Trainee: 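Structure incoming, see below.
Remember, it's 1-based here, ligands and their atoms both numbered in the order they're listed. Note that the structure is predicted; figures quoted are calculated from it, not measured. Residue indices begin at 1 and follow the sequence shown.
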Amino acid sequence: MDQEVIRALTIAGSDASGGAGMAADLTTFGEYGLYGQVALTTVVTMDKETWGHHVTSLATSLVEAQFETIAAGTKPITAVKTGMLGTCDIVEQVARFLRENDFKYIVIDPVLACKGTDEVLNPETADSIRELLLPIATVATPNLLEAGVMSGLGTPTSLNEMKEAAKAIHALGTKYVVVKGGKAVEAETAIDILYDGEDFTVFSNLMIEPAHTHGAGCTFSAAITAGLALDLDIHQAVKKAKDYVTAAIEKGFQYNDFVGPLFRPAYRLDKQGRF
Ligand code: PXL
């Protein structure tokens, strides 16, 4: 059988706890039936006593060598996503790689901080991401903190402020903006919004308790990327991604005293009657 293989790439860091970063992206690409690849930029490890995060960035020469291997594949890469990039040099290198290749869909997750912590891990990369990556993005998927920094408007605290931030990011050149609200703006509902340059679509779910949501932001963004790679339109891609990530949160688990990641096979296993 001549099977169509669709390639998707993530340029991201590795979260050694397995919840976020490239683990989220590659497993999601697999769940969507894509051939997923990664160009690794950083490795994140956690202090076992405090769970403070340590970020180690890779040398740009090693990132470049990965790009060369990836570009040596003859089938086109349909969709590419960026996650944690680590340093301004790597952001600049990624921007060059994205400009020099003809990717149909570019999803920029402007990772600055890990969900649930206000610990901003790569603050110095914010300006480079805003100036070099958002103008070439098909979709940007900031969380509230990132939407505040990217828009320059400060962290949104209401649905209305989420919309204002989305508009400001769209004005930078990003075609579609998804602001990942999570639980912060309205009690008991998880709200995300999509702005397509004309209209807003609000996606809301009842909050799931206990909330095992570590990796939810990366997973949601990866699922949007995967949906686009399958040529879903942006509204369908975001809707399906929201259903996929909600199922994964419902089946999330406690990894240790500090963190509870979601469980990404949940959507598929639900459909197979495994739960
Ligand atoms: O969730 C943001 C994030 C992205 N990428 C990596 C991470 C984290 C948070 O821990 O470790 C590699």
Trainee: Is F29 reachable from I70 through a run of hydrophobic residues whose side-chain heavy atoms are each under 4.5 Å from the next?
Mentor: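 In one cluster: yes.
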Trainee: Tell me whether the NZ or CZ atom of K240 lies within the 45° cone about the ring axis of Y244 and under 6.0 Å from its centre.
Mentor: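 No - K240 does not lie over the ring of Y244 by the 6.0 Å and 45° rule.
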Trainee: What atoms of ligand 1 come closer than 4.0 angstrom to any heavy atom of H214?
Mentor: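 Within the 4.0 Å cut-off of H214, ligand 1 contributes 10 (O).
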Trainee: Could you tell me if any non-hydrogen atom of C218 lies under 4.0 Å from any atom of ligand 1?
Mentor: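 Checking ligand 1 against C218, which is what was asked, there is a heavy-atom contact under 4.0 Å.
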Trainee: Tell me whether the rings of H170 and Y195 are parallel (<30°), tilted (30 to 60°) or perpendicular (>60°).
Mentor: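 Perpendicular: the ring planes of H170 and Y195 meet at over 60°.
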Trainee: Provide the number and element of each atom of ligand 1 under 4.0 Å from a heavy atom of V44.
Mentor: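 Selected atoms, number and element: 11 (O), 12 (C).
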Trainee: Going by the atom numbers of ligand 1, which of them fall below 4.0 Å from some non-hydrogen atom of S14?
Mentor: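 Per the distance check, 12 (C).
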Trainee: Please confirm whether G83 comes under 4.0 Å of ligand 1, counting heavy atoms of the residue only.
Mentor: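 It does not, in that no heavy atom of G83 comes within the 4.0 Å cut-off of ligand 1.
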Trainee: Considering only heavy atoms of G13, which atoms of ligand 1 have at least one such atom less than 4.0 Å away?
Mentor: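 Those qualifying, in numeric order: 12 (C).
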Trainee: List ligand 1 atoms under 4.0 Å from H53, heavy atoms only on the residue side.
Mentor: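 Counting from 1, the qualifying ligand atoms are 10 (O).
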Trainee: Do D231 and K104 sit within salt-bridge range, that is, some charged N less than 4.0 Å from a carboxylate O?
Mentor: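 Judged by the 4.0 Å cut-off on N to carboxylate O distance, D231 and K104 do form a salt bridge.
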Trainee: Could you check which of M46, M84, H54, M22 puts a non-hydrogen atom nearest to atom 7 (C) of ligand 1?
Mentor: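 Ranked by closest heavy atom to atom 7 (C) of ligand 1, first place is M84.
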Trainee: Please report the closest heavy-atom contact between Y176 and T174, naming both atoms and the distance.
Mentor: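 For Y176 versus T174, the nearest heavy atoms are O-CG2, 3.2 Å.
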Trainee: Are L232 and V238 grouped together when hydrophobic residues (ILVMFWY) are joined by side-chain heavy atoms under 4.5 angstrom apart?
Mentor: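 No: no chain of side-chain contacts under 4.5 Å links L232 to V238.
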Trainee: Can you find a pair of side-chain heavy atoms, one from T82 and one from V94, that are under 4.5 Å apart?
Mentor: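 Sidechains of V94 and T82: in contact.
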Trainee: What part of D15, side chain from CB on, backbone N/CA/C/O, both or neither, has a heavy atom under 4.0 Å from ligand 1?
Mentor: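 Near ligand 1, D15 shows its backbone as well as its side chain.
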